[in-house]
Each structure stands twice: as C-alpha cells, then as structure tokens.
Amino acid sequence: MKYIFVTGGVVSSLGKGLTAAALGTLLEHRGLKVALQKFDPYLNVDPGTMSPYQHGEVYVLDDGAETDLDLGHYERFTHTKLTRLNNLTSGQVYQTVLNNEREGKYLGKTVQVIPHVTDEIQNRIYLVGDITKADVLITEIGGTTGDIEGLPFLEAIREFAQDVGPHNAIFVHVTYVPFIKAAGELKTKPTQQSVAKLREIGIAPHIIACRCEYPLEREVRQKIALFCNVPYEAVIEAKDVDHSIYEMPLMLQRERLDELVCRQLHLDVPQADMRNWQEIIRKLIAPAHRVRIAVVGKYIELQDAYKSVYEAIIHGGIANDCGIQIEKVDAEQIERDGAERVLKGVGGILVPGGFGERGIEGKIAAARYARENKVPYLGLCLGMQIATIEFGRHVLGLNGAHSTEFQTNTPHPVIDLQDDQRSVRMMGGTMRLGAQPCQLVMGTKTQRLYNAFVVSERHRHRYEFNNSYRTQFEAAGFVFAGTTPDGRLVECIELKEHPFFCAVQFHPEFQSKPNAPHPLFRGFIAAVHEYLHRKPL
Ligand code: GLN
C-alpha cells in the first residue's frame, strides 16, 4: 500500500480537500484503487455539533457519521466508500487515549502526546488501509502548518512515513503564492516559510502544489524548487479554475501531478484517460440550455453551508445539459419584501435542510409561492417539513400549523419530534442519522424518477411528519410518495396538482456525483427547464 499525505501552508481555505480529491480522481483513472481520509485537529469529536458559521456543511455518511465537508469532495470525485473511520479529529483521538488510560491499558506509564496520541493517529492510518484494501491511501491533514493543535498529526505522519520507508509514502504540501499588486509579482516567501515549518518537524515535502491566481512563471517555480528543496517539476501550479471545481483533475493532470506521484511511489500504471471527465466540463462550460434556481436558506452568505446542495444542483444541470445560475436567497429577505418580489422569474425553488427558527416564515412563504404559481419545488429535510407546514396552514386551513421544533405549543403540530428522540439528552451524534431504506409508492413522480421501489438515502433529523394528520393531508392532494418500509415515517411527499413539487425527509444531495447525478436533482432541473420554456427537454 502507498500513502500520500496532503498538508497545507500559509492560509486556510486553500482547497486542500479538493486537491486531495482531484488527485484521487486522477489515480483512479490510472486504474488504482484509491481511499481518502481526513484528519481534523480540532477538539470536537465530530463537526455535528458545530454551527455552519464555524464549519460549513456537515457531511453525512451512509453509516451515520457526521463529518467534514471535504469528505463530500472525496465521494463526489472518486468511487471511494467512506465510513466514520475516514474522519479522525483530535477529539476522537483524545477520547480513545483517555478511555484507554481509565481502563488501565497503559500499564502504569505516563500518558503523553508522543507516543500515545501519535500512536493512536498512526493506528487509524493502518486501520483505514486494512479495511479499504486500497492501492493508495490519501490522507489530508486539516488546518495550517504551524497551528499548535496540528502538531501531533504532523509528528504522527512523520513517524509513519519513516516506518513504511521511502517510495511508500510521500508528502504533498499545498501552499499559497500571493500576487502583490504594488510589486506586480507573485511572492514565494510565505511558501518558503511554511515549508521551513514542516522541515523543522522533520517533514520534507516531495511535491509543492501552489495555489495562485496567476500562472507560476519559470523563475517563480525555480525559486520555490531551490528554497524548498524539491525538483523543478515537483512545483505544481494549482491556479484558480475558470469555471468549475471539476476542472481540477484536468488542471492537475496538465501539471503532471499524477505522473510525478506515481513515479515517486514506484507505481507502474498507465496514463489516465480523462475523456469522461472532459465531457462533464464541456457541459459545464458550454451547456445547451440555461436556468436560474433559487436556494432559500439562512446561511446564504456562507460559501460552504450548503455545499453538497449546490453541487447536486449543478449535477442535475449536467444531466440535462443545462447551465445553472444559483440565486442564493436569504429567507429573511422574503420575510421583509415578500416572496413575489424576491422570487419572481426564477425557474425553480429549493429549500435545503436547516435547524432553528430564524427565516422559517420566509421559507414557508417560498414554498407557498412555488405551490400557488406552479414553480418547480424541491424540499430537502427541513424543506419537506416547511412544505408540510405551508400546506397545512394554507390548503387545509389549520391555523397556526407548525413544527414543534419552532413552536412547542402550536395548535397543529404537523411536524413533531420523533418518539425515540424524546428521551435524548446528549446532543452529539444522536439524531436519526445515516442511510435508511425508503419504500416508494408505485406511479408517483418520485418513484418514476428513481425508477426503483426501495432506495437508500442519508438522514439527519429529529423531527418528522405527524401521522395523525395523514388522512387529512392525503384527501387534499398531498401525496405520500415514500415512507420507511414499515410505513411509519414519511420520507417523500409530492403534490398532485403541481408539475413538480417534491420534498424528502432525507438528504439526496449527499449521494450525487458529477458523473452520476441524483435522480431527484435530475428531475428537478428537467422540470425547471420545462417550466421556463414551456416544453420538455
Ligand atoms: N431541524 C429539522 C429536524 O431536526 C430538519 C433537519 C434538517 O434539515 N437536516 O428534523
């Protein structure tokens, strides 16, 4: 097994995760089995309890793990199967070490960062290697070189590389090469200093991937090669991509990153044939059609809060040869200005998942606007609960209908806490999480889009449709298109008298890929196109 460690320097938000994922794409296209994992130095056990303001999206895996959003990139860019083992945080490491200590496993020793914490980190690398049986394991170290909390991880991978020996492990350092306008040139010093920081710890990077806004000229590359002690060709230009993150694998291939990696790891494999990926990019750059979609949320100003949702919409576009303009709409703006003013002219409305009361009335107004004006609507998790509240209030006349998440004493709790959530006291990792089967009802729009009767989708919620309202809703044209196989929990709803009004209690966005768009997103974009152009694609 070969190991690639991806570290980051100078600043955060460099796209290390994307670089790791795109390298994974290239190695897969060379016929290798690739696994990816992420180490996060923060002390939370997982990001599940963190606000999107702190962390961006929480990405949910099949096994119910709440993980870093970079794992979303790994799944979208490769075929790797991820489990909770693929995201290790300092919190988990310390939890294990402290439990071991209480159990007396350290046999009287003083428990220390080196070797006990670092051993625990290395154990995880071996474990993921064993389980995935991959040819190559790419491990991304979160944070920035120089952070105090990242040190145990760097020490652990240094020791690990030492153990497995040369040509079995390499270090790829992703840095930033800023352009200073006043000087009119790219500056290499921050890169030099962050590499110096790594070398202080005993890690000498084999490859330096330079994130930059302008091309890395020959002299700049030479300077980085000289000062950072790598061969000239190991200085990789990772310039901002023009159109889409899915250009990254092609860009890195042009820079021969995969060739270099294979040479350094003594992997004798054929070149990557990237034609399928090129076709995806073609559709993104020059689509046959264009549509505008509104995503109505409360973390609209954040790039990363709805990451997988935005990506899945784009995939739905790829499936229909449709370029997508995503209109990020703040639900509170709808509360202020009214749905008509904010949403007029959009081709489709999507309400994603969410927690907490802020912006809820704006989302309800958006769902109402979609229902009344026959604008295609896709609701995800909270987006399904919103659609339920809206229908209850305005079609069934259930005044004050609400979710008990937002109003405990509502006269009509159409959305209510799941029974087995009532006794929950610990907030971390206790929602209904991960892949669960959903049985679809024959002939519904949802079932026809999936072209299947039982599907598996990922969940992350505490509330559900209140079954005492089912008959009443159904009689008014609210279709229950999918439930858990025992029929108890409502998973999918749609509206009878509407060209496309579908909402689901799960998160289909977590299973969409550019080369395998999710059927619900494919169907949504097709409906949007039909709505705007009055004819099917
Ligand atoms: N807050 C809602 C619940 O807990 C919806 C969750 C979500 O959208 N992920 O059920």
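Just so you know, ligand 1 is whichever comes first in the structure, and atom 1 is the first atom listed for that ligand.
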Checking side-chain polar atoms at under 3.5 Å, does [X] have a donor or acceptor matched by the opposite partner on [Y]?
| X | Y | value |
| --- | --- | --- |
| Arg462 | Gln421 | yes |
| Tyr450 | Glu457 | yes |
| Asn87 | Asp40 | yes |

Just jot down the ligand 1 atoms closer than 4.0 angstrom to any heavy atom of [X], in number order.
| X | answer |
| --- | --- |
| Glu405 | 1 (N), 2 (C), 3 (C) |
| Arg462 | 3 (C), 4 (O), 10 (O) |
| Gly353 | 8 (O) |
| Arg460 | 6 (C), 7 (C), 9 (N) |
| His507 | 9 (N) |

*Test side chain to side chain contact (heavy atoms under 4.5 Å, CB included) applied to Glu509 and Phe521, step by step*: CA-CA 8 Å; Glu509 70 271 24; Phe521 285 90; 3.9 Å; yes
*Quickly, which of Val128, Ile138, Leu88, Leu82 forms a side chain to side chain contact (heavy atoms under 4.5 Å, CB included) with Gln37? Name it, please.*
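Answer after filtering Val128, Ile138, Leu88, Leu82: Val128.
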*asked:* Under the criterion side chain to side chain contact (heavy atoms under 4.5 Å, CB included), I'd like the reasoning laid out for Asp62 against Thr83: C-alpha separation, chi angles, the key distance, then a yes or no.
replied: CA-CA 7 Å; Asp62 268 351; Thr83 73; over 6 Å; no
Can an N or O of [X] be found at a distance shorter than 3.5 Å from an N or O of ligand 1?
| X | result |
| --- | --- |
| Gly354 | yes |
| Leu382 | yes |
| Tyr463 | yes |
| Gln505 | no |

*Got Ile285 and His243 here, is their nearest side-chain heavy-atom distance under 4.5 Å?*
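They are in contact (side-chain heavy atoms under 4.5 Å apart), so the answer is yes.
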*Name the closest protein heavy atom to atom 7 (C) of ligand 1, giving the residue it belongs to and the distance to 0.1 Å.*
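For atom 7 (C) of ligand 1, the nearest protein heavy atom is Cys381 SG, 2.9 Å.
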*Quick one: look at Glu464 and ligand 1, take heavy-atom pairs under 4.0 Å, and tell me if it's side chain, backbone, both or neither.*
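The answer is neither.
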*Side chain, backbone, both or neither: which part of Met431 has a heavy atom under 4.0 Å from ligand 1?*
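None of Met431 does.
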*Look at atom CZ of Arg422 and say whether more than 12 heavy atoms of other residues, nucleotides or ligands are closer to it than 6.0 Å.*
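Yes.
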